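As the structure is a prediction and not an experimental result, all values here were calculated from the model.
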Amino acid sequence: MAEPPVRLARALVRQARAARLADLPVPAVDRLKIGLLDFLSCAFEARDLPTSRQAAAIATTVEGGATILGTAKAAPAGEAAFANATAGHGLVREDMHAASIGHHGVVLWPLLLALAERERVAGDRLLLAAALGYEAGGRIGRALFTADLARLFRPTGLLGPLGGAVAGGVLLGLSEDEAVSALALAANASCGLNQWPGEGGSDMYFHPGVAARGAIAAVDLARAGAFGSEAILDGEAGLFAAFARRAAPDAIRLFPDGEAEILAVYNKPVPACNFAQTACQAAIAVAREVGPAETIEAVTVHLPEAAIRYPGCDAAGPFVRALQAKMSIPYGVAAALARGRIDEAAYARLDDPAVTRILPLVRLVRDPGFTRDFPARQGAEVEVALSSGARISRRLADVVPATEGEIRARFRQAADAVLPAGRADAIEEAVDRLEAAADAGAVAALCAADAARPRLAAGRRAPRG
C-alpha cells in the first residue's frame, strides 16, 4: 500500500526541526538582534498607553513568572506574552514583512521571551526559534495573502499563531508529532478582523497579543498530549480553503536557496501604518523645498494599489482617535508637509490647523510601476503644487528603513525612561551576545522596572531536544 502524502503542516515542521542557526546567513542573525532591540524599545515607549495598561491589568501576578516589560509585574507566560505583544504594537512602529503584510516580530519576541523565562533555554536556540518563526510566518503569508484577503482579515492575527507555534515548538524541543499538533492547534487561534481602521478601534492593538497567547497555549497543549488536525493547512476546511477560498500550495519551502525571510523584514522609521511609510518619507523630503506650508494648493501621492486598498489607508478624516490618523496616508503626508517630520507628536493633536488645512488637498493615485514592484519594493511619490505655480515632487522606489544606529538610539532612550540607570547598556550587551548565552531568559528579566529579578531555577524546565 502506498504511503499517504505528507501534509503541508508536517512538511513544514520537518524543515523547521532540521534547521540550524549555523546554516543561516550572518546578516540574518544580526537582523534578529536588532529586531529584538526595536521590539523592546516599542514596548517600553508604549508602556503607559491605555491599551498597554489594559493588557497588563488583566494579567495575573505570580512570583517567578514572566516579566511584563518595563513594569515590576510578572505573570504566567501566556498572559505576559499577551501584555508585551500589545505594548509592542502600541506605537504602530513594529517591524514589517511587506510580502505577507505581517508584523511577525511583535508576536514572536514576546512569546519567546516569556517561554525563555519559564523554561531555561540557550540564546542560540532562542535566535533559531525566532528565525524559524519569521520564516514560517513569512512563507505561509506569501502563499496565503492577497490584497482582497487583507481587506478583511489582519495578516498579523492570522499568521502570528502559526509562526509562533513553529518558533515555540523549536524553542521547547517538541517532538515532530507534538510540533505538528501545536501548529494545527495554533491555526485554530488565527483571528483578527479588519473592521477596526474606520473607527480607530482598539481591536488592532490586541491582535498580536491574542496570537502570542494562542501560540503558547497551542504549544503547551500539544506537549500535554493534545492532538491537532494534521491537514489544518491544506485540508478541505483548512487554513487556505477557509480564508483564501483556494487550495493550498503543494509545498512551502523554508529558507529556499539559502534565503531568509528575516532579511525581508524592515524596521519602521515612522510610527504609522506600513503603507504610509514611504509616502511620509517622500513628503518630508518635499517639505524641505516647499517653504511655507501655506503655499501648498494640491498634493498628489502616487502609490502601489495595495497601499490604497488596505483598510483605513485612504481615510481623509475627520479623525477622532490617533490610530485612525496613523493608518491614513493622507494624514501622514499632510502632517509631514506641515511639520517637516513625522514622530509620535504628529498624532497627539488631530485638529492641528496646519495639518487639517492640507489634508483635504491630498489625493491618492494608483501608480502602475509601484504596483508592479510591490511587495519586493514599496515605492511612493509625493507631488505638491504651490500657489506660485511651481511643482515640487520626490519619488522613492522603496521605503528607507530605520538604520541600526537609529534603532539602538531609540532603544536606549526608551529603556532609560523606564528602567534603572545602566540597565539599557546591560540589555543591549545581553542581546548582542545572545548566541553565547546559557540562559536567554535573562534578557527579559533585565527588562523589569524594579531591580532585575533573580533567575529562579525552581520549577523551570529545560526543553527537550
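- For H207 and H89, the gap between ring centers reaches or exceeds 6.0 Å.
- Side-chain contact between F411 and D38 is absent, with no heavy-atom pair separated by less than 4.5 Å.
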Subject >> E428 vs R408, salt bridge (charged side-chain N to carboxylate O under 4.0 Å, His left out): CA-CA, chis, key distance, verdict >> reply: CA-CA 8 Å; E428 195 169 3; R408 288 183 182 274; 2.7 Å; yes
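- Under a 4.0 Å N-O distance rule, the pair D367/R395 qualifies as a salt bridge.
- With F370 as reference, H302 is the one residue of Q378, R377, H302 to meet the side chain to side chain contact (heavy atoms under 4.5 Å, CB included) rule.
- Taken from CG in L396 to CD in Q281, the straight-line distance is 6.5 Å, to the nearest 0.5 Å.
- In this structure, I232 CD1 and N188 CG are separated by 4.5 Å, a value rounded to the nearest 0.5 Å.
- Between the CG atom in L37 and the CH2 atom in W109 there is a gap of 9.0 Å [rounded to 0.5 Å].
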**OP:** Let me see the working for T278 and V400 under side-chain contact (heavy atoms from CB on, under 4.5 Å), right down to the final yes or no.
**Re:** CA-CA 7 Å; T278 318; V400 180; over 6 Å; no
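- Note that R93 lies outside the cation-pi zone of F39, set by a 6.0 Å cut-off to the ring centre and a 45° limit from the axis.
- Under the 30°/60° scheme for interplanar angles, the aromatic rings of F374 and F275 are found to be tilted.
- With values rounded to the nearest 0.5 angstrom, E435 atom CD is found 10.5 Å from L32 atom CG.
- With sequence neighbours excluded, the residues satisfying salt bridge (Lys or Arg N to Asp or Glu O under 4.0 Å) with R341 are D343.
- To the nearest 0.5 Å, atoms OH (Y331) and SG (C280) are separated by 10.5 Å.
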Original post:
Can you list the steps and then say if L323 with Y205 is a side-chain contact (heavy atoms from CB on, under 4.5 Å)?
Top reply: CA-CA 10 Å; L323 181 55; Y205 293 113; 3.5 Å; yes
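- Note: L113 CG to L171 CG = 10.0 Å, rounded to the nearest 0.5 Å.
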Original post:
Step by step, would you call N267 with D95 a side chain to side chain donor-acceptor pair (under 3.5 Å)?
Top reply: CA-CA 4 Å; N267 297 89; D95 67 14; 4.7 Å; no
Original post:
Does the pair Y134 and H97 meet the rule for a side-chain contact (heavy atoms from CB on, under 4.5 Å), with working shown?
Top reply: CA-CA 9 Å; Y134 277 105; H97 183 263; over 6 Å; no
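- The shortest distance between side-chain heavy atoms of F44 and S41 does not fall below 4.5 Å.
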**OP:** Test side-chain contact (heavy atoms from CB on, under 4.5 Å) on I427 and L419 and set out the steps.
**Re:** CA-CA 11 Å; I427 296 169; L419 300 179; 3.5 Å; yes
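- Formation of a donor-acceptor pair under 3.5 Å by the T86 side chain with backbone atoms of S52 is not found in this model.
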Original post:
Passes side chain to side chain donor-acceptor pair (under 3.5 Å), Y266 versus N274? Steps please.
Top reply: CA-CA 10 Å; Y266 79 91; N274 164 63; 2.5 Å; yes
Original post:
Do T371 and E305 pass the side chain to side chain donor-acceptor pair (under 3.5 Å) test, and can you show the C-alpha distance, the side-chain angles, and the key distance before you say yes or no?
Top reply: CA-CA 5 Å; T371 298; E305 182 178 11; 5.1 Å; no
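- Checked against the 6.0 Å centroid criterion, the rings of Y347 and F319 do not qualify as a close aromatic pair.
- Between E344 and K326 a salt bridge is recorded (basic side-chain N to carboxylate O distance below 4.0 Å).
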